Number of protein chains: 2
Amino acid sequence: MSGERAKLQHLHALKHLALLGAIRFPVRVSSGEFAEVIGLSQQAASGLLLDLFKAGLIRREISSRKQHITITESGAAALALEHADLHRVFEGAGTLEVRGAVTSGLGEGAYYMGQDGYQAQFEKLLGTRPVAGTLNIRLQGAELAKRQVLENAKGMEVSGFTDGGRTFGGAKLFRCVIEGVEGAVVMPLRTHHRDTLEVISRKHLRRALKLEDGAKVRVRVQL
Amino acid sequence: MSGERAKLQHLHALKHLALLGAIRFPVRVSSGEFAEVIGLSQQAASGLLLDLFKAGLIRREISSRKQHITITESGAAALALEHADLHRVFEGAGTLEVRGAVTSGLGEGAYYMGQDGYQAQFEKLLGTRPVAGTLNIRLQGAELAKRQVLENAKGMEVSGFTDGGRTFGGAKLFRCVIEGVEGAVVMPLRTHHRDTLEVISRKHLRRALKLEDGAKVRVRVQL
DNA sequence: ATTACTAATCATCGAGTAG
DNA sequence: TCTACTCGATGATTAGTAA
């Protein structure tokens with residue numbers, strides 16, 4: 001029931017689950033109901049849901065009655081990729097709008113971004129020297145999927161380096177506009193913060209935009 | 001090679017052709033090249049392109065050498081529908097941004113829209129009485145596909161009527177914002193102008209926005 | 001009610017090859 | 001070279017049915 005050819009159907013099924021709301025909250029659907037939605041038999045729909053589960057694209061809470069389905073992060077990412085493709089087709093070269101809430105980092109951002117090894121590269125790539133420190137934006141739900149689009153996209157490359165025995169990893173940079181202010185999204189190649197977006201800028205964003213923790217912001221990222 | 005199940009593959013193939021630019025201009029691709037793009041054999045790709053052609057989704061100019069492919073209006077519409085679905089998933093309840101150029105109608109707009117049978121309904125649905133007359137916007141290329149999305153969408157219904165032996169057809173209404181001004185898109189149920197969008201508003205748009213023929217405008221339509 | 005197994009059916013794919 | 005046919009293999013879909 002799985003294979004290379006089924007990927008399209010997986011995406012199609014995910015799309016319909018997403019339209020039912022399964023990205024944001026668990027959705028109660030029987031295999032029979034779902035079968036009608038995607039135009040297959042109950043048996044095929046059941047198998048399809050099994051496939052999606054095995055592929056890690058959905059979560060199921062299944063009782064003897066109907067089942068509750070949620071789309072996983074990797075499922076949402078697959079959909080977001082598809083969305084990005086179609087967006088490119090219709091809206092021209094891509095920008096991606098991500099929404100999230102300002103959050104406090106651990107203060108480590110300033111230390112890392114302040115390193116000359118990074119600053120020199122930023123200046124070369126962006127034309128200006130950003131202030132040391134990053135504005136951290138916490139992403140939730142469907143917005144998380146957009147971050148994955150960035151992970152898959154090619155950005156401006158920032159190389160890693162070592163300084164005084166300490167190693168500093170590589171990163172990718174995407175130009176962005178955050179609440180009308182130009183800046184750049186920094187995506188470390190290795191990070192544990194898969195739910196936050198780090199933004200640097202020539203201005204001190206938190207001060208310039210008067211942002212407090214929890215403030216909602218929009219970031220338009222250029223791909 | 002055709003059937004109900006192949007629709008997904010058709011869409012997938014159309015997407016890749018669109019990414020190659022085939023919505024806007026003819027693209028030169030051999031079946032072998034296309035095979036690599038979509039991950040199939042040359043034979044399957046050839047059959048797929050035949051399918052798309054038979055289904056009226058693409059146009060082909062085929063010589064003994066490679067072929068030139070363009071996506072048809074109905075092909076673009078299929079993609080736009082898919083895009084609208086995914087847009088709804090990620091950006092919440094739908095708005096659709098359409099771009100086009102201001103064009104002169106035949107002056108008939110003012111006559112039709114001025115009819116009391118229409119004006120009364122507009123006032124009820126929109127809360128205000130729009131000025132008699134419509135701003136016509138000519139659509140091209142990928143934007144045409146978006147109009148088809150509107151044709152398939154449910155809008156506010158305006159009924160037809162007769163007055164003095166003359167019949168006036170029904171229409172659909174979508175709220176919209178055009179260059180920052182609130183208005184509504186009028187979609188006559190029967191029209192020959194499949195490439196123009198008609199916008200009404202409480203203000204005289206052409207005057208208020210200082211629009212001359214050919215001016216590019218953006219319309220954000222609420223679905 | 002449900003989910004999901006098995007067997008039979010049928011569509012789709014790739015290889016070979018003709019035009 | 002290219003497109004696109006036929007055919008055998010593969011794999012997905014359905015019906016019947018168990019749990």
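For clarity, every value in this text was computed on a predicted model and none was experimentally measured. Residue numbering restarts at 1 for every chain, and letters A, B, ... go by the order of the sequence lines.
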Rounded to the Å, how far apart are [X] [atom1] and [N] [atom2]?
| X | N | atom1 | atom2 | result |
| --- | --- | --- | --- | --- |
| B:His68 | D:dC2 | NE2 | P | 13 Å |
| B:Leu49 | C:dT12 | CG | P | 16 Å |
| B:Ile69 | D:dT3 | CD1 | C1' | 12 Å |
| B:Arg28 | D:dT1 | CZ | P | 14 Å |
| A:Gln42 | D:dT13 | CD | C1' | 12 Å |
| A:Glu61 | C:dT2 | CD | P | 18 Å |
| A:Leu40 | D:dG11 | CG | P | 19 Å |
| A:Glu33 | C:dA4 | CD | P | 15 Å |

(message) Using only atom types and a distance under 3.5 Å, with no angle test, would you say the side chain of A:Gln121 pairs donor to acceptor with the backbone of A:Gly117?
(response) yes
(message) Which label fits A:Tyr118 and A:Phe161: parallel for a plane angle under 30°, tilted from 30 to 60°, or perpendicular past 60°?
(response)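 The arrangement is perpendicular - the two ring planes meet at more than 60°.
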(request) May I ask you to decide whether A:Lys15 forms a salt bridge with B:Glu82, counting only side-chain N to carboxylate O separations under 4.0 Å? (result) yes
(message) Taking the minimum atom-to-atom distance to the side chain of B:Ser46, which one of D:dT13, D:dA4, C:dT3 wins?
(response)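 Closest nucleotide to the B:Ser46 side chain: D:dA4.
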(request) State which of C:dT2, D:dA4, C:dC5 makes the closest approach to the side chain of A:Gln43. (result)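 Ranking C:dT2, D:dA4, C:dC5 by closest atom to the A:Gln43 side chain puts C:dC5 first.
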Can a side chain N or O of [X] be found less than 4.0 Å away from OP1 or OP2 on [N]?
| X | N | answer |
| --- | --- | --- |
| A:Ser41 | D:dT13 | no |
| B:Gln67 | D:dT3 | yes |
| B:Arg60 | D:dC2 | no |
| B:Gln9 | C:dC13 | yes |

(message) Pairing donors with acceptors under 3.5 angstrom, does anything connect the side chains of A:Thr103 and A:Asn136?
(response) no
(request) Using side chain to side chain contact (heavy atoms under 4.5 Å, CB included) as the criterion, point out the one residue from B:Ile200, B:Val199, B:Val217 that pairs with B:Leu205. (result) B:Val199
(message) For a quick check of understanding: with a heavy-atom distance under 4.0 Å over all strands, which category does B:Leu50 fall into, base, sugar-phosphate or nothing?
(response)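 B:Leu50: backbone/sugar contact only, no base atoms under 4.0 Å.
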(message) When both hydrogen-bonding distances must be under 3.5 Å and the geometry is Watson-Crick or G-U wobble, what is D:dT17 paired with, if anything?
(response) C:dA4
